[in-house]
Amino acid sequence: MSWKMYEIDRAAHDLVLKFRDKDVLGESHKMRMTTAYGLERFWGEHLRLQRESQDKADFWKATWDELCKIMRQAGIQIPNDRVTANSATIKTMTDQLWDFDQEQRKIALAVLVEFCDSLVWWTQRHKKPRNGAGGSSNARP
């Protein structure tokens with residue numbers, strides 16, 4: 001088996017740029033913290049956020065979808081069914097995640113952590129300044 005580049009950092013960069021104008025990049029820090037709670041909770045967060053902010057929910061879902069794409073390239077198929085507000089479809093999806101192969105789960109979680117670390121990195125580089133904020137604190141004399 002040869003080494004493959006899955007371009008995790010590039011995928012994170014592209015997601016950050018895609019969502020930069022939607023004022024949701026602070027979610028990348030929350031995503032990184034959520035990785036400690038497992039795939040099921042990470043996946044489900046987009047459903048909770050739909051009640052609060054569709055843009056935040058979309059950022060989380062896009063991150064999940066990108067993780068699934070990266071893992072498919074690595075030969076691991078993470079469940080990613082389309083889910084409605086219907087409790088039955090949510091239960092089906094979470095059951096699939098809870099039944100997900102343990103070894104593949106460990107790999108997917110490790111990749112998710114790396115992916116979220118990259119999201120945080122690119123968030124720090126591309127976030128828009130707050131209103132009234134001055135220039136970059138990284139300016140050189």
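Index from 1, following the sequence. Since this is a predicted model, take the numbers as computed values, not measurements.
- Taking both residues in full, the closest heavy atoms of Trp98 and Gln102 are given as O-NE2, 4.5 Å, listed atom of the first, atom of the second, then distance.
- Ala57 and His46 get closest at one heavy-atom pair: CB-O, 3.4 Å.
- Using modelled atom types, one finds a donor on one side chain and an acceptor on the other under 3.5 Å when comparing His29 with Gln124.
- Side-chain contact between Phe115 and Val120 is absent, with no heavy-atom pair separated by less than 4.5 Å.
- Across every non-hydrogen atom of Ala11 and Glu66, the tightest pair is CB-OE2, 3.6 Å.
- Put simply, the side chain of Asp23 does not reach to within 4.5 Å of the side chain of Asp55, judged on heavy atoms.
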Which is it for Tyr37 and Phe42 under the side chain to side chain contact (heavy atoms under 4.5 Å, CB included) test, yes or no, and what are the steps along the way? CA-CA 7 Å; Tyr37 299 104; Phe42 189 97; over 6 Å; no

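- Annotation: the span from Leu49 atom CG to Lys56 atom NZ amounts to 7.0 Å, rounded to 0.5 Å.
- By the 6.0 Å and 45° rule, Arg41 does not stack over the aromatic ring of Trp43.
- No donor-acceptor distance shorter than 3.5 angstrom exists from the side chain of Asp81 to the backbone of Val83, with no hydrogens or angles considered.
- The hydrophobic cluster containing Ile76 also contains Ile70, counting ILVMFWY residues as joined when their side-chain heavy atoms lie under 4.5 angstrom apart, directly or transitively.
- How far OG of Ser118 is from CD of Glu7: 12.0 Å, rounded to the nearest 0.5 Å.
- Rounding to the nearest 0.5 Å places CD of Gln73 at 12.0 Å from SG of Cys68.
- Within the 4.5 Å cutoff, side-chain heavy atoms of His13 are placed close to those of Leu17.
- Shown here is Asp95, whose CG atom has more than 12 heavy atoms of other residues, nucleotides or ligands within 6.0 Å.
- Rounding to the nearest 0.5 Å places CD of Glu27 at 8.5 Å from OG1 of Thr34.
- Between Gln77 and Arg72, some side-chain heavy-atom pair lies under the 4.5 Å cut-off.
- A salt bridge links Lys61 with Asp65: the closest approach of a Lys/Arg side-chain nitrogen to an acidic carboxylate oxygen falls below 4.0 angstrom.
- At a threshold of 4.5 Å between side-chain heavy atoms, the hydrophobic network of Ile, Leu, Val, Met, Phe, Trp and Tyr places Ile90 and Trp60 in one connected group.
- The structure places CD of Gln96 at 11.0 Å from NZ of Lys91, a figure rounded to the nearest 0.5 Å.
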Is there a side chain to side chain contact (heavy atoms under 4.5 Å, CB included) between Leu119 and Arg32 once you walk through the steps? CA-CA 8 Å; Leu119 285 171; Arg32 177 57 180 89; over 6 Å; no

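- Just one of Leu109, Ile78, Asn80 meets the side chain to side chain contact (heavy atoms under 4.5 Å, CB included) condition when paired with Leu67; it is Ile78.
- Side-chain contact between Lys128 and Arg20 is present, with heavy atoms from C-beta onward closer than 4.5 Å.
- Classified by interplanar angle (parallel below 30°, tilted 30° to 60°, perpendicular above 60°), the ring pair His126/Trp122 is parallel.
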Walk me through it: do Arg105 and Glu40 pass the test salt bridge (Lys or Arg N to Asp or Glu O under 4.0 Å)? CA-CA 10 Å; Arg105 171 191 302 275; Glu40 303 82 12; 2.6 Å; yes

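- Atom CD1 of Ile8 and atom CG of Asp117 lie 10.5 Å apart (nearest 0.5 Å).
- Classified by interplanar angle (parallel below 30°, tilted 30° to 60°, perpendicular above 60°), the ring pair Phe59/Phe19 is tilted.
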